[in-house]
**Student:** 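Before anything else, here's the structure in question.
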Amino acid sequence: MDHIDDCEIECWMVGSPQKRQKLEETLKQIKALFRNRNISPEYICKALEFVCEHPDDYSCLQCYNKITGDYDTSTCASACESSHRRSFCFLIKDIHLNIIAEEKNKMVIITFHILSEEKDFRKKCNYRFINLT
């Protein structure tokens with residue numbers, strides 16, 4: 001797997017060329033980390049596919065803040081008054097992978113990244129991790 005499009009998933013990736021380029025760069029970093037820890041990069045695809053197949057099995061919600069015009073990524077909510085993004089947190093061996101998605105006609109994966117700080121486990125995941133291994 002060299003590019004995010006190599007993962008065969010049932011939902012969409014973010015469409016913006018700049019954001020897709022950022023995802024490609026992030027993917028390279030995650031793959032390098034996985035290689036260093038002897039973890040198959042296929043787990044990245046498994047996590048992305050999980051998001052597509054189980055959109056309601058998220059870790060928590062990031063609510064849209066009408067005042068700031070952005071999503072609150074510092075609070076893990078169980079419900080939102082307005083639009084929201086879903087935060088999916090995975091534990092792959094000892095690596096914490098966070099995938100953010102929102103539902104349009106299909107699930108759209110907005111971003112993904114590695115979490116390494118305890119405060120982020122609470123803020124972005126509510127300590128709820130999906131184990132893929």
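Only heavy atoms go into these numbers, but all of them, side chains included; no hydrogens, no water, no symmetry mates.
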**Student:** Report yes or no: do I44 and Y58 belong to one cluster of Ile/Leu/Val/Met/Phe/Trp/Tyr joined by side chain heavy-atom distances under 4.5 Å?
**Tutor:** yes
**Student:** For D70, check side chain to side chain donor-acceptor pair (under 3.5 Å) against everything at least two apart and list the hits.
**Tutor:**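 In terms of side chain to side chain donor-acceptor pair (under 3.5 Å), with neighbours along the sequence ignored, D70 is linked to no residue.
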**Student:** What's the separation between atom NZ in K104 and atom SG in C11, rounded to the nearest 0.5 Å?
**Tutor:**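 Spacing of NZ (K104) from SG (C11) equals 13.5 Å.
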**Student:** Within a strict 4.5 Å, meaning less than it, do heavy atoms of the W12 and I109 side chains meet?
**Tutor:**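 A side-chain contact is absent here, since even the closest heavy-atom pair is not under 4.5 Å.
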**Student:** Below 4.5 Å, heavy atoms only, C-beta onward: do K124 and T73 meet side chain to side chain?
**Tutor:**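 A side-chain contact under 4.5 Å exists here.
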**Student:** Looking at CZ of R35 and CD1 of I30, how far apart are the two atoms once the value is rounded to the nearest 0.5 Å?
**Tutor:**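 So the CZ of R35 and the CD1 of I30 are separated by 12.0 Å.
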**Student:** With side-chain contact (heavy atoms from CB on, under 4.5 Å) as the test, would you mind laying out the steps for K22 and T26 before giving the verdict?
**Tutor:** CA-CA 6 Å; K22 176 74 172 135; T26 302; 4.2 Å; yes
**Student:** According to a 4.5 Å side-chain heavy-atom criterion applied to Ile, Leu, Val, Met, Phe, Trp and Tyr, with indirect links allowed, do I100 and L115 form part of one hydrophobic cluster?
**Tutor:** no
**Student:** With sequence neighbours excluded, tell me which residues meet ring-ring contact (aromatic ring centres under 6.0 Å, His included) with F88.
**Tutor:** none
**Student:** If every non-hydrogen atom of N126 is compared with every non-hydrogen atom of S59, which pair is closest and at what distance?
**Tutor:** CB-O, 4.5 Å
**Student:** Do C125 and C89 have their SG atoms less than 2.5 Å apart?
**Tutor:** yes
**Student:** Answer yes or no: is there a side-chain heavy-atom contact under 4.5 Å between R128 and I130?
**Tutor:** yes
**Student:** Do R37 and D94 come close enough that some side-chain heavy atom pair is under 4.5 Å?
**Tutor:**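 The answer is yes; the side chains approach within 4.5 Å.
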**Student:** With a distance cut-off below 6.0 Å to the six-membered ring centre and an angular limit of 45° from the axis, does K31 pair with F34 as a cation-pi contact?
**Tutor:** no
**Student:** Working to the nearest 0.5 angstrom, can you tell me the gap between I9 CD1 and L48 CG?
**Tutor:**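 I9 CD1 to L48 CG: 5.5 Å, rounded to 0.5 Å.
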**Student:** Would the Y43 and F90 ring centres measure less than 6.0 Å apart?
**Tutor:** no
**Student:** Drop me the distance from S40's OG to L132's CG, to the nearest 0.5 angstrom.
**Tutor:** 11.5 Å
**Student:** Starting from L91, can I reach Y127 by hopping between I/L/V/M/F/W/Y residues whose side chains sit under 4.5 Å apart?
**Tutor:**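 As far as the 4.5 Å side-chain criterion goes, L91 and Y127 are connected within one cluster.
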**Student:** When clusters are formed by joining ILVMFWY residues with side-chain heavy atoms under 4.5 Å apart, either directly or through shared neighbours, do Y71 and V51 land in the same one?
**Tutor:** no
**Student:** Could you pull out the closest heavy-atom pair between I110 and V14, with the gap in Å?
**Tutor:** O-CG1, 3.8 Å
**Student:** When you group the ILVMFWY residues by side-chain heavy-atom contacts below 4.5 Å and let the links chain together, are M13 and V108 in the same group?
**Tutor:**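 As far as the 4.5 Å side-chain criterion goes, M13 and V108 are not connected within one cluster.
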**Student:** Which heavy-atom pair separates N98 from S87 by the least distance, and what is that distance?
**Tutor:**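 In this case the closest contact between N98 and S87 is ND2-OG, 2.9 Å.
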**Student:** To the nearest 0.5 Å, what is the distance between CD (E118) and NE2 (H96)?
**Tutor:** 8.0 Å
**Student:** Can you see which heavy atom on E10 is nearest to which on K106, and at what distance?
**Tutor:** O-NZ, 3.3 Å
**Student:** Under the criterion salt bridge (charged side-chain N to carboxylate O under 4.0 Å, His left out), I'd like the reasoning laid out for D57 against R86: C-alpha separation, chi angles, the key distance, then a yes or no.
**Tutor:** CA-CA 9 Å; D57 198 10; R86 298 170 191 196; over 6 Å; no
**Student:** Side chains of residues 75-85: which donor-acceptor pairs under 3.5 Å do they make with residues two or more places apart or in other chains?
**Tutor:**
residue	atom	partner	partner atom	Å
T75	OG1	D72	OD2	3.1
S82	OG	Y64	O	3.3
R85	NE	E102	OE1	2.9

